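So the structure is just underneath, and the comments pick up after that.
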Amino acid sequence: MVYNKDSIAAIFGIVLGILITAYYGVTLIYPDLGRTHPDRAVLEPVKGTVEWVKATGKNEDTIRFKFQEFDKYFVYHSTGRMTWLVKEKLDIPQASVEILVDMSDSHSPPLDEHSYFSVYEVKSNGENVRSYEQVKDAYMSDFKFVLYIGLGFFILSIFGLLKEIYKHRKQKT
């Protein structure tokens with residue numbers, strides 16, 4: 001069989017689809033492999049008054065902030081959704097803010113001298129701004145989206161390969 005661009009693209013798509021689907025299939029059986037967020041039990045509550053808050057990133061949808069009481073820096077990722085609301089509530093002067101943080105996982109963004117700890121729940125003046133469950137659901141939503149993309153690649157590639165097989169058999173007759 002002579003491979004042309006279409007058949008190579010179909011085979012590549014099938015392989016890519018199989019790999020993505022297999023990975024996400026395994027993570028459905030073994031959820032710890034596909035964990036997108038830490039368990040609530042490992043998160044630590046931190047409470048304080050916000051010293052500063054800024055929206056960063058291409059779309060200004062990553063919220064970085066620091067409490068007056070601590071020499072640590074925190075980040076609420078856009079994956080958690082509703083960043084505009086989180087920033088609005090963190091911007092309230094002298095608000096009592098409580099967050100749930102994974103203190104074992106920090107990272108330093110490019111061109112920033114600070115390490116940031118990821119935030120998985122935000123409360124402001126006792127009001128739930130983004131609960132752990134809401135953030136967890138948002139992270140899982142993104143995770144499932146990629147699974148569906150992989151399945152789409154796989155299905156489209158099967159159709160492409162079947163088309164190539166049909167075309168090849170038709171040329172033989």
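These numbers were taken from a predicted model, which means no experiment stands behind them.
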Please set out all donor-acceptor pairs under 3.5 angstrom arising from side-chain atoms of residues 86-99, sequence neighbours excluded.
{"residue": "Lys87", "atom": "NZ", "partner": "Asp91", "partner atom": "OD2", "Å": "2.8"}
{"residue": "Lys89", "atom": "NZ", "partner": "Glu127", "partner atom": "OE1", "Å": "3.4"}

Requested in this report: Step by step, work out the side chain to side chain contact (heavy atoms under 4.5 Å, CB included) result for Val119 and Phe65.
Outcome: CA-CA 10 Å; Val119 174; Phe65 60 99; 3.8 Å; yes

So which atom in [X] and which in [Y] form the shortest heavy-atom distance, rounded to 0.1 Å?
X: Tyr120; Y: Asp102; result: CE1-CB, 4.0 Å
X: Glu121; Y: Lys123; result: OE1-CE, 3.7 Å
X: Pro38; Y: Leu43; result: CG-CD2, 3.5 Å
X: Phe70; Y: Val46; result: CE1-CG1, 3.6 Å

Report task. Working to the nearest 0.5 Å, report the span between CG of Asp39 and OH of Tyr132. Result -> 5.5 Å

Query - NZ-CE distance between Lys72 and Met103, expressed to the nearest 0.5 angstrom - result: 4.5 Å

Query - Transitive ILVMFWY cluster of Tyr116, excluding itself - 4.5 Å side-chain cut-off - result: Trp52, Tyr73, Val75

Requested in this report: Give the intermediate values and the outcome of side chain to side chain contact (heavy atoms under 4.5 Å, CB included) for residues Arg40 and Lys136.
Outcome: CA-CA 10 Å; Arg40 187 183 189 104; Lys136 175 183 164 184; over 6 Å; no

Report task. Please lay out, stage by stage, how Glu69 and Thr49 fare under the test side chain to side chain contact (heavy atoms under 4.5 Å, CB included). Result -> CA-CA 7 Å; Glu69 299 84 357; Thr49 307; 3.3 Å; yes

Query raised in the report: When Thr56 is tested against each of Lys58, Glu60, Lys54 for side chain to side chain contact (heavy atoms under 4.5 Å, CB included), which residue passes?
Result: Lys54

Query - Donor-acceptor contact present, side-chain Gln68 to main-chain Gly48, <3.5 Å - result: no

Query raised in the report: Are Phe74 and Phe67 near enough that their ring centres are under 6.0 Å apart?
Result: yes

